[in-house]
Amino acid sequence: MIDRRRLLQTVFATSALAPLGVFSATLAATPGAGEAAALVSDIGEAAVDGNPQLATNLGLDSGARAGLKARLAPRGIEARNAAITRNSEWLTKIRAIDGSGLSGQDGVSFGVVKFQAETLDEARGFGYGDFGFVDAAAFPIQPYTLSQLTGTYQFLPDFLATQHTIETTADAEAYLSRLSAMAKVMDEETESVQADAGKGVIPPDFVIRKTLVQMRSLRTPAAAEAGLTTSLAQRAAAKGLAGDWSGRAARIVGGEVYPALDRQIALMEDLLPKAASTAGIWDLPDGAAYYATALKLMTTTDLDPDTIHAMGLEQSRAILERMDGILKAQGMVEGTVGARMAALGKDPRFLYPNTEAGKAQILTDLNAQIVDLQARLPAYFGRLPKAGVEVRRVPPAIEAGAPGGYAVSPSLDGSRPGAYYINLRDTAEWPKWSLPTLTYHEAIPGHHLQGTLAIENQALPLISKALFFSAYGEGWALYSEQLADEMGVYANDPFGELGYLQSLLFRASRLVADTGLHHKRWSREQAIRYMVDTGGDEESSIASEVERYCVWPGQACSYKIGHTEWVRLREDARAQLGDRFDIRGFHDVTLAAGGMPIAVLQTVVADWVASRRG
């Protein structure tokens, strides 16, 4: 692995992106650029140093940072308060710099940290949930420390199995240290949840019930048979590392991790009778203000809930009209679009067996789709990622509450490839015509392409590799679904096109459901019914999705709002440039600077258009 402890002191001295023009300016080009870059560097370094999981995710837990591989970030009340203090200190330094004259990468990087610090500052007074400038999950604020989607119990087993590499005895020892740290961090979470409950912040009862199912599943195996134990033992054996890794891990799991998990289970069982069925956070302390801040962080816009709700309804109507035409052309004329899509989703022609063999075939087919699309990319992109992408199954222990799919970026040093995970809890959720668009969203040209180009770009500040702006990243992934359609992948596949449009409709209806839950006070059941009736998706899948929106307020809105802005910016640039518009250039320049808020992306595109005009 490469030691990048002082990465930020060198990346501004040389540029790996000279052909991209607008981002090839040196620091000396604008007054104050050196001061801004130094602060951006400090924030990036501190963000990684303060989050050992992020360091591992980026492949930066070696060399001078090797000690981070044995640690976990704290998760308790003190950690929350420390994060708030740290953000306030950074914001003071940011506001002391006049960034109005910055341009190119200097302006992008400074705009990134300024937006994040200022928006998080709005959230410092809520006093509950999670708070952080950057974390591996890309959620700066979350109302519930423990849920079916949040908490150390939920993410760490898979993290240790897939991202904590085992090559040496030191790596194995670091794994054991992290197991012990897991117990400590879980107890910190327990204390935090107890304090939040005292303020009236308790997850909905249906969230607690699903959380308990997952916690008990993790707790079920004997310590020696637990995945936390066998992952280390098997990988250490594969590398020929001498030692009683299984026995030592089992003692920590049985003597430290399981007791901490038991305490969390007991706490959630105690909270369940006190929990309400209210799905939205409007019922929490300062719930409306919390939702407004969450929306701003997730969409990186100032759009209010009513505007977003109306946008979702309008865009859903337009997509439904297009789907209706395709369905009628296939002889499906009776009933609503949602009802016809639901029937299509149950058509045996398009279903995989809900068996291990059927699930393995899904993974095989997804890999074949990646290979097919690879050949189409050079016509649309001047720069392509070097790292490959693997399709993996969401671990069965967490699939009940996990999203349908998600991506994990490769490490900075190239030692770990990118991956995208698909949830195979029930193959009925994935009729064959629905799968291609998932590949284009999570892998190429979606998350893997966008995220890996940033990871591999030596000219980017570290913070631009660490931060994930959901409207930019999820908006790009949804734009990638549209781009695949424009590439012609559905030219002879009307059912595949319906799958793409259903995905687009799904994201538009999320705007309605998320604002319905948290602003218009919809129930869980009301949101599920709306989404099932609108798009015809499998109800079990939609139920998990709606429960996701309940614990990640605002995040579901980032996809379609981001997608809408990506398309608008592209078409505005095309209209302004005419024959000078180059789709490869548009993609290269908008992906060159890493993740960013929508306002910063608008500036990047405006600068590129001006440079093309000459």
Side-chain angles (χ1 to χ4, degrees), residues 108-109 111-120 122-123 133-135 137-142 290-312 315 403 406-407 409 441-442 445-447 449-451 453-454 463-483 503-504 506-515 518-519 548-549 552-573 586-587 589-606:
V108 170
S109 299
V112 161
V113 298
K114 186 173 188 291
F115 171 87
Q116 192 79 339
E118 287 185 336
T119 309
L120 273 174
E122 299 174 12
F133 192 89
V134 59
D135 65 21
F139 295 98
I141 62 171
Q142 298 177 109
Y290 197 109
Y291 185 50
T293 302
L295 276 178
K296 186 171 182 178
L297 280 164
M298 291 295 104
T299 70
T300 65
T301 71
D302 290 319
L303 294 175
D304 63 82
D306 287 321
T307 300
I308 293 172
H309 195 86
M311 180 189 298
Q315 293 190 1
Y406 55 90
S409 296
H441 182 105
E442 300 292 351
H447 284 311
L449 187 147
Q450 176 261 314
L453 285 176
I463 196 65
S464 292
K465 301 172 190 284
L467 278 176
F468 181 82
F469 288 96
S470 197
Y472 174 92
E474 297 295 356
W476 168 264
L478 195 53
Y479 167 81
S480 294
E481 297 181 25
Q482 176 177 328
L483 186 62
S503 174
L504 204 62
F506 174 54
R507 274 40 180 261
S509 64
R510 275 177 165 179
L511 300 179
V512 180
D514 194 88
T515 52
H518 299 297
H519 177 63
R548 163 187 173 180
Y549 313 154
W552 285 345
Q555 193 265 350
C557 297
S558 63
Y559 295 70
K560 199 65 181 68
I561 289 173
H563 166 255
T564 300
E565 191 63 18
W566 272 103
V567 174
R568 185 190 72 79
L569 287 170
R570 185 187 71 177
E571 295 312 304
D572 283 356
F586 174 80
H587 290 153
V589 77
T590 51
L591 296 178
M596 64 190 83
I598 291 298
V600 179
L601 178 62
Q602 292 168 348
T603 300
V604 168
V605 175

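Excluded from the calculations below are hydrogen atoms, water molecules and symmetry mates; all remaining heavy atoms, backbone and side chain alike, are included.
Of the listed residues (His587, Gln450, Glu565), just one forms a side chain to side chain donor-acceptor pair (under 3.5 Å) with Tyr479, and that residue is His587. Each of Thr293, Leu467, Leu120 was checked for a side-chain contact (heavy atoms from CB on, under 4.5 Å) with Pro140, and the lone residue meeting it is Leu120.
Legend: residues meeting side-chain contact (heavy atoms from CB on, under 4.5 Å) with Thr603, ordered by chain and number and at least two apart, are Asp607. Under the rule for a side-chain contact (heavy atoms from CB on, under 4.5 Å), the partners of Thr300 that lie at least two apart in sequence or sit in another chain are Phe115, Phe469, Ala471, Pro597, Ile598. Checked against salt bridge (charged side-chain N to carboxylate O under 4.0 Å, His left out), Glu118 has the following partners two or more places apart in sequence or in another chain: Arg95, Lys114.
Between the side chain of Lys465 and the backbone N or O of Ala454, at least one donor-acceptor pair lies under 3.5 Å. With His518 contributing its side chain and Tyr549 its backbone, the two residues share a donor-acceptor pair below 3.5 Å. Although no hydrogens or angles enter the test, the distance criterion places a donor-acceptor pair under 3.5 Å between the side chain of Tyr290 and the main chain of Gln142. Remark: side-chain polar atoms of Trp476 are paired, donor with acceptor, to backbone N or O of Pro445 under 3.5 angstrom.
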Report the C-alpha distance between Tyr472 and Leu591 in whole Å, list the side-chain angles of each, state the deciding distance to 0.1 Å, and finish with yes or no for side chain to side chain contact (heavy atoms under 4.5 Å, CB included). CA-CA 10 Å; Tyr472 174 92; Leu591 296 178; 3.7 Å; yes
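Summarising the geometry of Ala123 relative to Ile141, their closest heavy-atom pair is CB-CG2, 3.9 Å, with the distance given to 0.1 Å. Pairing each heavy atom of Phe506 with each of Ser509, the nearest pair is O-OG, 2.9 Å. Taking all atoms of both residues into account, the shortest heavy-atom contact from Thr299 to Thr301 is OG1-OG1, 2.8 Å. The minimum heavy-atom distance linking Val605 with Ala573 is given by the pair CG1-CB, 4.3 Å. Taking both residues in full, the closest heavy atoms of Met298 and Pro553 are given as CG-O, 4.2 Å, listed atom of the first, atom of the second, then distance. Scanning all heavy atoms of the two residues, the minimum distance from Val112 to Gly595 falls at CG2-O, 3.5 Å.
A heavy-atom distance below 4.5 Å is not found between the side chains of Thr590 and Arg570. Leu449 places a side-chain heavy atom less than 4.5 Å from the side chain of Leu453.
Here Asp302 contributes atom CG and Thr119 contributes atom OG1; the two are 8.5 Å apart, rounded to the nearest 0.5 Å. With values rounded to the nearest 0.5 angstrom, Ile308 atom CD1 is found 4.0 Å from Ile561 atom CD1. Annotation: the span from Arg510 atom CZ to Ser558 atom OG amounts to 7.5 Å, rounded to 0.5 Å. With rounding to the nearest 0.5 angstrom, the NZ atom of Lys560 is 6.0 Å from the CG atom of Leu478. Atom-to-atom distance recorded for Thr564:OG1 and Leu511:CG is 7.5 Å, nearest 0.5 angstrom. Separating the NE2 atom in His309 from the CG atom in Asp514 is a distance of 11.0 Å, to the nearest 0.5 Å.
A donor and an acceptor atom, one from each side chain of Gln315 and Arg507, are nowhere located under 3.5 Å apart. With no hydrogens or angles considered, no side-chain donor-acceptor pair links Glu474 and His563 at under 3.5 Å.
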